[in-house]
J.: 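For reference, the structure I am asking about is given below.
By convention in this document, chain letters (A, B, ...) are assigned in the order of the sequence lines, proteins followed by strands, and residues within each chain are numbered from 1. Just so it is clear, the model here is predicted, and its values are computed rather than measured.
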Amino acid sequence: GCGGSSGPDVKTQGGNAQLTVGTIPIVDVAPIYLGKQKGFFTKRHIDLTLKTAAGGAAIVPSVMSGEYQVGFSNFTSLLLARDKGLPLTVVANGVSSTGVQGKDFGAIVVGKGSPAQTAKDLAGKRVAVNTLKNIGDTSVRASVRKAGGNPGSIKFVELPFPDMPAALAGGRVDAEFIVEPQLSQVLAAGARVLTSTFVDVAPNLSVAGWFVNEKLLKSDKGLVARFVEAIRESNAYADAHPDEVRQILSQYTKISADLAPKLTLPKWPAEINRTSVATVARLATDDKVLSKTPDLTALYAS
Amino acid sequence: MRADWRPVAGALIALAVWEAVPRAGLVSSTDLPPVSSVFRVLVREAGTGEYWSAIGDTVWAWLLGLLIAAAAAIGLGFALALVPAVRAFTTSSVEFLRPIPSVALIPLAVIVYGTGLGSTLLLVVYAAFWQIYVQVLAGVADVDPVADETARSFRFGRWGRIRHVTWPSALPYVLTGVRLGAAVALILAVTAELVIGAPGLGQQIAVARSGTEPALVYALVFTTGVLGVLVNVGVRTGERRLLCWHASVRREVPV
Amino acid sequence: MRVVRWFLLPIVLIGVWWAASAGGRNFFLPTPPAVAKAFGPTWTWPTIRADVVPSVVRLLVGFAIAGVAGVLLGLAIGSSARLRAYTEPVLEFLRAVPPPVLVPVVMLFAGIDDTMKITVIGFGCVWPVLLNTIEGVRAVDPVLGEVCRAYRIGRLTRLRTLVLRGASPQIMTGLRQALAIAIILMVISEMFAASSGLGFTIVQFQRSYAIPEMWTGIILLGLLGVVLAGLFGLAERVVLRWYFGLRRSGRGAQ
Amino acid sequence: MLEITGLRKTYGDVEAIRDVSVALEAGELVCLVGPSGCGKTTLLKCAAGLLRPTGGSVTLSGTPVTGPPADLAVVFQEYGRSLFPWLTVRRNVDLPLREKKVKKARRAALVEEALTAVGLADRGDAYPWQLSGGMQQRVAIARAVAYQPSVLLMDEPFAAVDAQTRADLEDLIRSIWQKFGVTILFVTHDIDEAVYLGERVVVLSASPTVVQETLTVDLPPERDQLTTRRDPRFTELRAHVYAEIQAAKKRGPAAVTG
Amino acid sequence: MLEITGLRKTYGDVEAIRDVSVALEAGELVCLVGPSGCGKTTLLKCAAGLLRPTGGSVTLSGTPVTGPPADLAVVFQEYGRSLFPWLTVRRNVDLPLREKKVKKARRAALVEEALTAVGLADRGDAYPWQLSGGMQQRVAIARAVAYQPSVLLMDEPFAAVDAQTRADLEDLIRSIWQKFGVTILFVTHDIDEAVYLGERVVVLSASPTVVQETLTVDLPPERDQLTTRRDPRFTELRAHVYAEIQAAKKRGPAAVTG
Ligand SMILES: Nc1ncnc2c1ncn2[C@@H]1O[C@H](COP(=O)(O)OP(=O)(O)OP(=O)(O)O)[C@@H](O)[C@H]1O
Ligand SMILES: Nc1ncnc2c1ncn2[C@@H]1O[C@H](COP(=O)(O)OP(=O)(O)OP(=O)(O)O)[C@@H](O)[C@H]1O
Ligand SMILES: O=[N+]([O-])[O-]
Ligand SMILES: [Mg+2]
Ligand SMILES: [Mg+2]
């Protein structure tokens with residue numbers, strides 16, 4: 001199927017809708033794996049096929065082309081896509097920060113011997129983020145500003161999360177914006193959390209969400225509603241059963257069994273914290289990641 | 001003929017260096033695990049179906065892509081080299097398209113083919129095609145003029161000259177091209193899987209990388225390398241047969 | 001006539017593109033005018049200086065290192081059947097390792113700055129040079145080899161005047177291939193640990209869904225390739241003057 | 001049959017042939033001699049349609065030669081490079097016949113016959129680069145002979161073989177010529193050979209080349225290595241050709257022009 | 001000086017040389033003749049240390065030859081392929097001298113002298129592939145001559161040149177030989193040439209090769225193209241060699257062995 005505007009026609013088989021969902025092999029999407037296992041989707045007549053893509057950048061075009069019906073992405077990427085006019089709609093909350101300073105699944109860390117004490121000290125330093133002009137650098141700037149520093153002189157470097165531990169140990173960068181499971185890895189190696197940056201940005205920040213093509217929403221509102229219900233149930237279940245979350249990780253990630261129990265898990269609340277998304281949008285606009293102030297009502301399904 | 005142990009010796013030396021570097025503390029063993037621990041993981045993985053089906057996916061994408069690329073490059077290369085008009089008209093486009101890196105086509109591939117085999121194939125074919133194509137053009141240009149004149153004097157038809165003079169003369173180049181193309185195709189197959197997430201070894205590497213077991217990443221990378229070596233052994237064997245007449249091969253017969 | 005030959009096919013291709021993208025039906029495939037319009041604002045002189053020039057410098061340095069290393073190693077390995085036997089599997093192994101998975105390893109040793117990117121470019125594009133040099137050296141006319149031996153032409157001169165020159169058509173083919181790969185690797189190396197560069201910028205555009213801008217970047221890569229290939233062609237004509245003459249001499253004027 | 005008129009050929013600045021006209025009747029055997037570098041190979045290639053003349057014309061049976069005409073075979077001076085190293089001796093001889101679509105059984109017979117005629121029947125399975133220089137040259141001759149051409153152009157075809165073999169091959173060529181009525185243009189630098197083989201001998205001047213002299217060999221058509229070479233007329237003729245070549249070389253281009 | 005004793009050489013299954021012994025005194029000029037494919041080139045390459053014999057030994061001034069010894073020059077039968085296509089004629093001749101570390105001025109003089117001697121003084125700037133076959137061969141000869149070797153091995157060096165040039169080159173080789181006392185082993189298939197040039201002529205049998213006969217040429221040392229070739233003794237000797245070669249070919253290996 002060629003073209004971002006070809007309609008996402010959902011196939012059905014034996015009365016069940018066939019949904020292909022694009023995910024990323026990280027902790028954040030554990031609820032959908034758990035929910036599939038628990039039958040939250042089949043009982044709503046949805047057959048899920050979960051596909052892992054290498055990153056959000058590969059998921060958006062696939063949702064546009066109809067290869068995936070649902071995708072997972074952080075809100076900054078989704079705002080960016082909407083900023084450029086892509087008809088994407090967020091239908092459910094994906095993952096949220098724990099909201100607890102010092103105990104979140106993402107953080108800014110520095111090496112063992114670093115003199116830095118607060119985010120303010122990052123001015124003029126070299127900081128690694130997983131993708132530039134995205135939630136990483138925006139959050140880091142927010143943390144620095146909050147600590148009373150000037151983020152203008154930070155030298156950001158783009159580095160995939162898996163390469164961060166070695167870069168910090170080797171002194172190639174001064175600080176890193178890092179998430180689980182690498183966060184636990186660097187902490188085990190002696191790194192120190194400077195601040196839980198998601199907590200700095202907004203209380204109970206909604207980091208990522210599940211999204212669909214607007215077309216699907218128009219053509220099959222009922223299906224989307226069923227999916228949203230199932231996701232909410234999955235999120236709630238995951239929040240309530242952290243041990244099962246840690247277990248299911250081995251199904252789709254290569255997080256080793258001895259590290260899984262030590263990870264700081266994120267939160268999976270049912271609702272998107274729209275205020276926090278608005279904050280992220282404002283920060284992104286200030287940082288010129290977005291070209292204009294986004295129309296947030298258009299981002300959500302309802 | 002006696003078995004040649006020297007390639008094995010060379011490989012063993014390299015493995016010993018790999019083992020020694022992390023053990024000597026030159027790099028941390030979480031960044032570069034010693035080969036022994038990589039092998040342990042490899043043995044474990046070899047017991048899983050996932051590992052073998054990933055290899056299967058990668059090899060299939062690679063083989064199919066290489067075949068398409070080789071057929072297209074050889075066919076087009078000969079046609080263009082022998083019909084100067086076609087060449088004259090295509091040179092500018094070729095020179096423009098050739099350097100466009102296949103990785104830059106990833107977004108296009110995803111749009112057109114999504115995250116399945118098609119995307120991988122597009123990238124593999126695009127990258128391997130140029131490798132072989134450039135060698136074909138060089139090979140076709142390297143025909144001994146006296147041999148070519150001989151064929152012309154006997155009025156070999158166009159096809160006869162291609163078949164009996166141009167093809168054998170270009171063959172050493174073409175085979176080098178196939179070896180280069182085979183490696184590039186493997187690289188692109190794995191890269192596409194890695195970046196796009198199409199099923200295969202590359203996807204496994206991506207998943208392993210976002211996990212926490214470095215030895216697994218290296219085990220998978222090692223698997224890729226071994227595939228590369230096997231591919232080369234295959235092409236080399238073919239080459240020794242096809243080029244028994246060529247100076248590069250025949251001189252090795254000790255006289 | 002020359003102009004027609006040069007531009008006919010590109011114009012046809014652009015026409016096909018235009019037809020396929022007309023009406024803006026596909027978000028990811030903008031029309032040629034949309035891309036053309038984005039070109040000017042995207043690639044201003046300051047952007048070129050900040051993103052393109054450093055990339056090209058890294059590319060050229062990596063290519064030069066690969067060229068020198070590939071030819072030297074190729075001469076050694078091509079001239080010695082023994083060395084070839086020892087090194088072939090290891091080289092083939094290294095050659096098959098995809099650069100994107102190699103980058104993290106290179107980062108361990110070379111850091112995350114220019115050295116890493118140059119190393120990745122050099123490591124990745126050394127192979128066509130190496131392979132072609134090895135094959136070229138092995139294919140040198142045995143009669144000429146005997147001439148050198150008979151006149152006791154020293155090792156160095158023999159390398160320079162026989163082996164290197166004899167293999168030069170193949171070596172140049174290898175370098176041509178390497179140049180194309182170097183551009184690919186320039187992009188790949190900038191996908192990791194970068195904060196500027198042509199490849200980085202294209203990936204940035206892609207991630208932020210600035211699709212026409214992304215296409216201008218791809219086109220700029222193509223143009224860069226054309227320029228580099230053109231310069232290479234000039235160099236080749238100088239280095240291989242004897243070869244083109246020799247090959248033409250038999251074909252006569254017909 | 002083969003008419004070369006006012007032929008002129010320059011390579012860039014080098015004027016290889018200035019003005020040469022030679023005409024061969026059907027079934028004639030003409031030998032071409034001349035100093036080294038005077039343009040014999042160039043002339044032959046033009047006649048074969050392999051090289052485009054700078055001026056003048058080449059016609060075969062009245063039609064202008066623009067590419068190699070049908071039923072023509074060439075033995076090249078660079079015999080070594082004219083054999084395909086990737087084919088065995090037998091396949092080298094066989095290949096043009098295949099291209100000519102000769103039936104398989106007939107081909108096999110022709111190939112064996114030709115290889116036997118040049119004394120290489122037992123080396124059919126060797127590759128050219130496993131043969132001595134003289135053997136390679138004989139393979140090239142066998143290839144031309146097996147082809148059964150109606151026009152045969154030979155460029156110093158016996159340069160690399162010993163005296164005895166050369167004599168045998170000379171007789172082979174004459175017998176083929178007599179049997180099949182082939183038209184032959186034969187380049188040689190061996191004067192005895194030119195006189196022994198040819199019906200006419202064309203002597204070329206040094207470069208820039210013109211025809212120095214054309215000599216009719218009035219020896220009996222039945223020739224024999226012993227008797228013919230002892231014939232006083234043979235000695236006379238060869239002395240004459242020798243003197244002409246010497247004159248051609250000494251006189252040089254300036255004198256010819258002036 | 002150059003001693004080849006009990007030489008034996010096989011290529012895989014092919015027995016090229018069975019048992020050949022030849023010894024050259026210092027400053028001697030010996031010609032080697034034999035049927036095509038009998039192993040002359042093979043013998044020469046073994047003598048030059050380019051090919052390892054299967055059996056027997058080669059010594060030069062008492063030391064075994066394992067690689068090409070110093071002050072030796074070879075003219076290869078495959079003259080065309082023995083020139084570097086990427087070097088001009090002048091640079092081709094110059095290259096071995098450079099390697100020998102001859103001074104620049106001296107080198108230039110030697111190169112010009114040699115090119116003039118072979119009649120190519122005006123083609124120094126051409127590339128080999130711009131020359132005719134005979135010219136290429138003369139470049140190869142010039143290269144060997146300019147080198148001023150003390151041992152010179154020549155493999156059918158005049159095969160591609162015309163009669164007059166050949167005569168000139170024969171005299172050139174003899175004059176160099178007399179002037180510098182070079183030891184020369186000269187392979188030819190021209191019997192007249194062998195007798196005219198050599199002090200001795202060694203006749204080889206057909207393959208598998210043995211020495212058929214060694215003949216001392218008892219002609220006066222001062223030789224001349226006209227008078228020497230008219231000498232009745234010359235005619236006698238050449239007839240003898242011719243008969244020997246014919247015998248060598250006819251008899252074949254079986255008879256030699258039996
Ligand atoms: N490709 C070429 N480029 C330039 N000059 C050439 C080329 N081929 C031949 N010539 C020149 O043309 C002239 C005639 O060459 P040709 O090979 O026809 O001579 P020839 O009579 O066959 O000599 P030989 O008896 O030595 O073979 C020579 O001066 C030669 O240098
Ligand atoms: N590389 C090789 N492989 C196999 N056989 C070879 C090889 N080189 C030569 N021969 C064989 O060795 C024999 C002698 O060859 P050589 O070239 O020495 O003969 P020659 O006396 O120089 O002949 P000519 O006068 O034709 O040049 C021949 O039968 C030839 O086929
Ligand atoms: O999606 N992120 O975790 O940034
Ligand atoms: Mg000639
Ligand atoms: Mg020989």
Side-chain angles (χ1 to χ4, degrees), chain D residues 11-12 14 16 33-42 76-81 118-120 123 126 130-138 155-156 158-169 187-194 204 206-207 238 241-250, chain E residues 11-12 14 16 33-42 76-81 118-120 123 126 130-138 155-156 158-169 187-194 204 206-207 238 241-250:
Chain D
Y11 294 100
V14 180
V33 298
S36 175
C38 75
K40 303 181 290 296
T41 300
T42 304
F76 289 86
Q77 186 176 15
E78 292 165 290
Y79 53 91
R81 285 171 61 195
V118 300
L120 288 173
R123 299 306 290 270
Q130 293 177 321
L131 301 184
S132 77
M135 289 165 152
Q136 289 176 15
Q137 195 164 36
R138 285 182 277 152
D155 199 353
E156 309 193 6
F158 308 148
V161 297
D162 62 282
Q164 175 59 43
T165 308
R166 179 183 275 252
D168 294 346
L169 291 174
V187 171
T188 178
H189 45 253
D190 183 327
I191 294 159
D192 290 52
E193 183 166 272
L204 297 181
S207 191
R238 77 169 294 287
V241 174
Y242 192 82
E244 279 301 329
I245 291 188
Q246 237 164 329
K249 261 194 106 167
K250 294 262 162 61
Chain E
Y11 294 100
V14 180
V33 298
S36 175
C38 75
K40 303 180 292 297
T41 300
T42 304
F76 289 86
Q77 186 176 13
E78 294 165 288
Y79 54 92
R81 286 172 57 195
V118 300
L120 288 173
R123 300 307 291 270
Q130 292 177 320
L131 300 184
S132 77
M135 289 165 151
Q136 289 176 14
Q137 195 164 37
R138 285 183 276 153
D155 199 352
E156 309 192 6
F158 308 148
V161 298
D162 62 284
Q164 174 60 42
T165 308
R166 179 183 275 252
D168 294 346
L169 291 174
V187 170
T188 178
H189 46 253
D190 184 327
I191 294 160
D192 292 52
E193 184 166 272
L204 297 181
S207 190
R238 76 169 294 288
V241 174
Y242 192 81
E244 279 301 328
I245 292 189
Q246 236 165 330
K249 262 195 104 168
K250 294 263 162 62

J.: Give me the atom names and distance for the closest heavy-atom approach of D:Ile245 to D:Gly34.
T.: CD1-N, 4.4 Å
J.: Contact part of E:Ser36 toward chain D, heavy-atom cut-off under 4.5 Å: side chain, backbone, both or neither?
T.: both
J.: Locate the shortest heavy-atom distance separating E:Lys40 from E:Val33; write the atom from each residue and the value.
T.: CD-C, 4.1 Å
J.: Do you know the tightest heavy-atom contact between D:Ala206 and D:Cys38?
T.: CA-CB, 4.2 Å
J.: Could you look at E:Asp168 and say if it's the side chain, the backbone, both or neither that has a heavy atom under 4.5 Å from chain D?
T.: side chain
J.: What option among D:Asp162, D:Thr188, D:Val161 has the most heavy-atom pairs under 4.5 Å with chain E?
T.: D:Asp162
J.: Look only at the side chain of D:His189 and the backbone of E:Gln164, and say whether a donor-acceptor pair between them is shorter than 3.5 Å.
T.: no
J.: Taking side chain as everything from C-beta outward and backbone as N, CA, C, O, which of these in E:Val14 sits under 4.5 Å from a heavy atom of chain D? Side chain, backbone, both or neither.
T.: side chain
J.: Over all heavy atoms of both residues, which pair between E:Arg123 and E:Gln130 is shortest? Give the atoms and the distance, please.
T.: NH2-O, 3.8 Å
J.: Which atoms of E:Thr165 are under 4.5 Å from chain D, going by heavy atoms: the side chain, the backbone, both sets, or neither?
T.: both
J.: For D:Ala16, is it the side chain, the backbone, both, or neither that has a heavy atom closer than 4.5 Å to a heavy atom of chain E?
T.: neither
J.: Give a yes or no on whether the backbone of D:Glu156 and the side-chain of D:Gln137 come within a donor-acceptor separation of less than 3.5 Å.
T.: yes
J.: Do you know which of D:Ala160, D:Gly80, D:Ala126 has the most heavy-atom pairs under 4.5 Å to chain E?
T.: D:Ala160
